[in-house]
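Heads up, the thing below is written out as C-alpha cells.
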Amino acid sequence: MSVLVVEAGSEHTNDPRIRTPGFWLSVLGSPDFDWDYETVPQKGLDGKVIRLSQGKLVGGSSAINGLAFVAQSKAAIDAWAEFGNPGWDWETLGPYYRKLHTLSRPSTATVEHLRLSYMEENVGGSDGPIQASFPEESSDPLPSAWVDTFAALGFAASGDPFSGRFSGGYINALNVDPASGTRSDAATGYFEPAKSRPNLHVMTGALVDKILLDRTTGKVPRAVGVQVQKDRETVTITAKKEVILAAGVFGSPKLLELSGIGNRELLEKLDIAVMVENPNVGENLQDHPVSSLSFEVEDGVKTMDALARRDAGAVAVATQEYATNKSGPFARGNFTGSLIPVPDFIGPGGKETLQQLLNQANETPNSVPGAFTRYHASFVHSLLSNPSEGAANIFMYPAGANVTSNDATDVGSIGMAKDNRQTPASFITICAALCFPLSRGSSHITCSDPSSKPTIDPRYLSHPLDLEVQARLLRYAETIVRTEPLAKLVKQGGKGRRNTGAPADLSDLDVAKGYTRLSALSCWHPTSTCAMLPRERGGVVDPKLRVYGVAGLRVVDSSVIPLATRGNCQTTVYAVAERAADLIKGEHGAGAAE
Ligand SMILES: Cc1cc2nc3c(=O)[nH]c(=O)nc-3n(C[C@H](O)[C@H](O)[C@H](O)COP(=O)(O)OP(=O)(O)OC[C@H]3O[C@@H](n4cnc5c(N)ncnc54)[C@H](O)[C@@H]3O)c2cc1C
C-alpha cells in the first residue's frame, strides 16, 4: 500500500523561523506559513474581527504553534464516550498521549526552580516521536513566583499532567527537542523519519479542490480520489483504498462542502451538486477566546518587551544566548500556565453564585441550536461544579499585550505591544480563558471557488454563561498579582502601568465584562467542525472517523474532536491521529501503512 500526502503549503522543515521556538509569533500572518483567516465581526465582542492563524506548510499548525505541550483531562475525554462515541474514553485514548511523545526528564536544578516535583515517574511518554522538555534555566524569577503564587492561593500543582487528573498552577512542558533546542512538530516527529520510505509520496504547493465521489458503484457514494491545483494545472489523483481528509478545522469542512457533503440549502445556493446531505458539516465550532490584562513589573525584572520593541541590544543578547547555549527567550514557547477550578465558584458563597448563573443560563432562550447542546451543557455544568477539575486556563505571557488592535502586524497581539514600543516599560500579561466554552459557531464556504476562504463565525462569548465565567477569571488576575511571591515582582498600588485600554481596576463585574469582551482574542484552539458524534446529535464522522453517508472517506484532524480541549489542543490532535492510524491499519491489514 502506498500513501500520498497532498499539502497546499511548502516544506520549511529546516527554516530557522520555524525551528527557533521563540520566533513563533513573528511568522504569524506570513503567507509563506499561514492561511491567515479571520472571523466575521463578533457580536459577543462588540463587533471585533479576530484573526485566526492556521499553519500552511508541511507540519501544519504544529509548525507555527506556541509550543505549549499540555495534556488533557480524563473527565473531558470520558465525555466523548458519554456523548455517544463508544470506545473513545481515557482508557482507550490515554495510552496514545503517552505513545506520541518523549518527555525528557529535567535536571534536579530545573525540577527545583520550576517546581516540578509533583510530576510522576513513568507517566509521560518515553519513546514517542514528539520531543517535549522544560527550559533548563534558573535565573528567571517569574516562573517559580507564578507557581508559588498559585500554591499560596490554594492551587498547588497536583497529579502528573499526563495522568488525566492534573490541576493547579504550573510550568507546562514545551514541544522543544532538548538535544537541539528546536521545535519538535509533526514535520520533524512524523514526516522526517518516514520521508525516505518508498511508499510515501508528498506533493507540496498543491491545493485540493475537492474530493471525487463515485456514485455509480453502489448506493453509497465512494471517495475515489481528489482534484488538485498544482502549478496552475488541474490534476486528478485516484485513491485505491481511501481518502483521509486532514485539512484542519477550517479546511476539512470546506473540502466536504466543495465536494457536495453538507447542508443542502447552502450547497444548492452555491450550485454544488448535493452528494450527501448533512447540515452538521462546518457546525459545532468551538474555540478558546482569551482575555488579558498587562501589569508593569518592578525595575530589573526581565520580560520579552524589549524583544517585542525590536530593541537591537536585547535581540543581540537573545540571539547570542540561543546560538551558544540554546537558552534564553528564543529557546522557549508559552510555559507559565494553570488549569484550575473557577475560583469564584469554590470560595464562600461560590456554590450559590454558580447555581444562580446555571439557573439563569437554563432560563435563557437556547443560544446554540442543535441536539448536542443538551449533552454539552450537562458536561460543562458538571465540570464547573467540581472543585477538583480544571475549568479555567489562566496563563502568563512575559510581555505587555496590545489587546485592542486588529492591525495585521499585531496578529497574535500578545507580546507584540505596539503601543509600548516608544516607552521602555516591562510587563507581564495575565491571560484568562474558559476551558470549555458553551458558545459554538460555524465555518462554511460562501462560494464554490476552492481558493476562497471560508466564512468563520466562532460566536465568541455569545453564550451568557461564558461571559459571566470569563469576566470572573480575568478579574481574578487582580488577586494573582497582589499575592506573594508574584506581588513583589509587580509594581503595586497604582505605581505600575497597565496595557492601553485596560481599566485601572477590574473589581466591578460590569467593568470586567466590558473589558473581557474588548480584550478577547483567539487562543488558536479551534476544533469540532466535523465532530465525531452520532449524526442525529450533530455528527459528521462516526467513531471510526468515517464520514457519514460516504464510503472510503475519513477525517483525521482537530475538526473531529467533539469537545473543546481542556487547554491547548495539539496533544489531543496527535493522540487522535495515532489512534486513527491503528484503526486504519486494522482495517487494511496490520502493518499495512509500513
Ligand atoms: C498560532 C497557533 C498557536 C497555537 N499554539 C498552540 C500551543 O501552544 N499548544 C497547543 O497544544 N496547540 C496550539 N495550537 C493548536 C494546534 O497547533 C492545532 O490545533 C493543531 O496543530 C491542528 O492540527 P490539524 O491537523 O487539525 O490541522 P493543521 O495542523 O492546521 O493541518 C492542516 C493541514 O492541511 C493543509 N490544507 C488545508 N487545506 C488544504 C487544501 N485544500 N489542500 C491541501 N492542503 C490543505 C494545511 O496547509 C495544513 O498543513 C496553536 C495553533 C496556532 C495556529
Side-chain angles (χ1 to χ4, degrees), residues 5-12 21 24-30 32-37 51-72 101 130 132 172-176 183 185-187 190-191 202-211 226-230 244-256 258-259 287-288 290 332-335 337 393 395 397 411-412 414 445 450-454 521-530 555-561 564-577 580:
V5 176
V6 183
E7 168 56 49
S10 307
E11 195 191 332
H12 294 281
W24 72 277
L25 275 170
S26 68
V27 303
L28 303 186
S30 157
D32 287 347
F33 311 114
D34 188 357
W35 290 88
D36 196 15
Y37 296 114
R51 299 177 74 105
L52 281 168
S53 287
Q54 286 283 288
K56 186 181 186 181
L57 68 166
V58 171
S61 301
S62 77
I64 63 164
N65 70 22
L67 301 108
F69 197 72
V70 172
Q72 260 291 19
H101 77 283
I130 301 298
N172 57 259
L174 299 170
N175 44 296
V176 171
R183 170 191 292 275
D185 59 16
Y190 287 93
F191 173 58
V202 179
M203 191 188 231
T204 54
L207 181 80
V208 178
D209 281 350
K210 62 176 174 180
I211 299 144
V226 287
Q227 180 180 302
V228 172
Q229 293 299 320
K230 169 83 179 151
I244 297 163
L245 189 50
V249 66
F250 305 122
S252 287
K254 172 179 152 181
L255 279 173
L256 290 180
L258 288 171
S259 316
D287 191 14
H288 294 140
V290 55
R332 307 190 292 230
N334 287 348
F335 62 79
N393 179 10
F395 57 99
Y397 191 78
V411 64
I414 296 166
I445 55 169
S451 63
S452 289
K453 290 180 179 176
L521 294 166
S522 171
C523 247
W524 302 293
H525 301 154
T527 56
S528 318
T529 49
C530 300
V555 184
V556 182
D557 59 23
S558 51
S559 71
V560 301
I561 295 173
T565 52
R566 181 173 65 157
N568 315 59
C569 43
Q570 64 177 334
T571 56
T572 303
V573 180
Y574 286 127
V576 167

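No hydrogens, no waters, no symmetry mates; every other heavy atom, side chains included, goes into these values. When a ligand or atom number is given, it counts from 1 through the structure's own listing order.
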- Item | T527 side-chain N/O to S558 backbone N/O, donor-acceptor pair under 3.5 Å |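 Not at all, since once roles are kept as given, no pair shorter than 3.5 Å links the two residues.
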
- Query: Hey, is the main chain of A68 close enough, under 3.5 Å, to the side chain of Q570 for a donor-acceptor pair?
  - Reply: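 Looks like yes, one N/O pair under 3.5 Å.
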
So is there a nitrogen or oxygen of [X] less than 3.5 Å from a nitrogen or oxygen in ligand 1?
X: A68; result: yes
X: N65; result: yes
X: D557; result: no
X: E7; result: yes
X: Q570; result: yes

Heavy atom under 4.0 Å from ligand 1: found in [X]'s side chain, backbone, both, or neither?
X: L28; answer: side chain
X: L67; answer: backbone
X: A246; answer: backbone
X: L57; answer: backbone
X: V573; answer: side chain
X: A206; answer: backbone

Nearest heavy-atom neighbours spanning [X] and [Y]:
X: D209; Y: L258; value: O-CD1, 3.3 Å
X: H101; Y: A132; value: CD2-CB, 4.4 Å
X: A186; Y: Y574; value: N-OH, 3.1 Å
X: P526; Y: V249; value: CG-CG1, 3.6 Å
X: F69; Y: N172; value: N-ND2, 3.9 Å
X: V58; Y: A187; value: O-CB, 3.7 Å

Taking [atom] as the reference point, the nearest protein heavy atom with its distance:
atom: atom 27 (O) of ligand 1; value: G248 CA, 3.5 Å
atom: atom 15 (C) of ligand 1; value: W524 O, 3.4 Å
atom: atom 53 (C) of ligand 1; value: S53 O, 3.2 Å
atom: atom 10 (C) of ligand 1; value: N568 CB, 3.2 Å
atom: atom 42 (N) of ligand 1; value: V208 N, 2.9 Å

Proximal atoms of ligand 1 relative to [X] (non-hydrogen, under 4.0 Å):
X: L255; result: 41 (N)
X: L207; result: 40 (C), 41 (N), 42 (N)
X: A8; result: 42 (N), 43 (C), 44 (N), 45 (C)
X: C569; result: 10 (C), 11 (O), 12 (N), 15 (C), 19 (O)
X: G66; result: 3 (C), 4 (C), 5 (N), 6 (C), 7 (C), 8 (O)
X: G60; result: 29 (O), 31 (O), 48 (C), 49 (O)
X: Q54; result: 30 (O)
X: G55; result: 46 (C), 47 (O), 48 (C), 49 (O)

- Task: Take Y397 and L25, measure what side chain to side chain contact (heavy atoms under 4.5 Å, CB included) needs, and give me the verdict at the end.
- Result: CA-CA 12 Å; Y397 191 78; L25 275 170; 3.3 Å; yes

- Item | Best match, G205, S558, G251: closest heavy atom to atom 26 (O) of ligand 1 |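 That would be S558.
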
- Message: Minimum distance, heavy atoms only, to atom 34 (O) of ligand 1: which one of S559, S61, A247 is it?
- Response: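 Going through S559, S61, A247 one by one, A247 has the nearest heavy atom to atom 34 (O) of ligand 1.
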
- Check step by step if side chain to side chain contact (heavy atoms under 4.5 Å, CB included) holds for I64 and W24. CA-CA 6 Å; I64 63 164; W24 72 277; 6.0 Å; no

- Query: Any heavy atom of V6 sitting closer than 4.0 Å to ligand 1?
  - Reply: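 Yes, V6 has heavy atoms under 4.0 Å from ligand 1.
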
- Query: Looking at ligand 1, does W35 have a heavy atom less than 4.0 Å from it?
  - Reply: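 Contact check W35 vs ligand 1: positive.
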
- Message: Check for me whether the distance between the ring centres of W524 and W35 falls short of 6.0 Å.
- Response: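 Here the rings of W35 and W524 have centres that are no less than 6.0 Å from each other.
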
- Task: Please assess L256 against C530 for the test side chain to side chain contact (heavy atoms under 4.5 Å, CB included), listing each intermediate value before the final yes or no.
- Result: CA-CA 9 Å; L256 290 180; C530 300; 3.9 Å; yes

- Task: Dump the intermediate steps for side chain to side chain contact (heavy atoms under 4.5 Å, CB included) on V226 and K210, then the final yes or no.
- Result: CA-CA 6 Å; V226 287; K210 62 176 174 180; over 6 Å; no

- With distance as the sole criterion, is a donor-acceptor pair present between the side chains of D34 and Q54 under 3.5 Å?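 No, no side-chain donor-acceptor pair sits under 3.5 Å.
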
- Residues which pass ring-ring contact (aromatic ring centres under 6.0 Å, His included) with H288, listed by chain and number, not counting sequence neighbours: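 Expected list: H525.
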
- Message: Just to verify, what does S30 make a side chain to side chain contact (heavy atoms under 4.5 Å, CB included) with, not counting sequence neighbours?
- Response: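 Partners of S30 by the side chain to side chain contact (heavy atoms under 4.5 Å, CB included) criterion, ordered by chain and then number, come out as D32, F33.
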
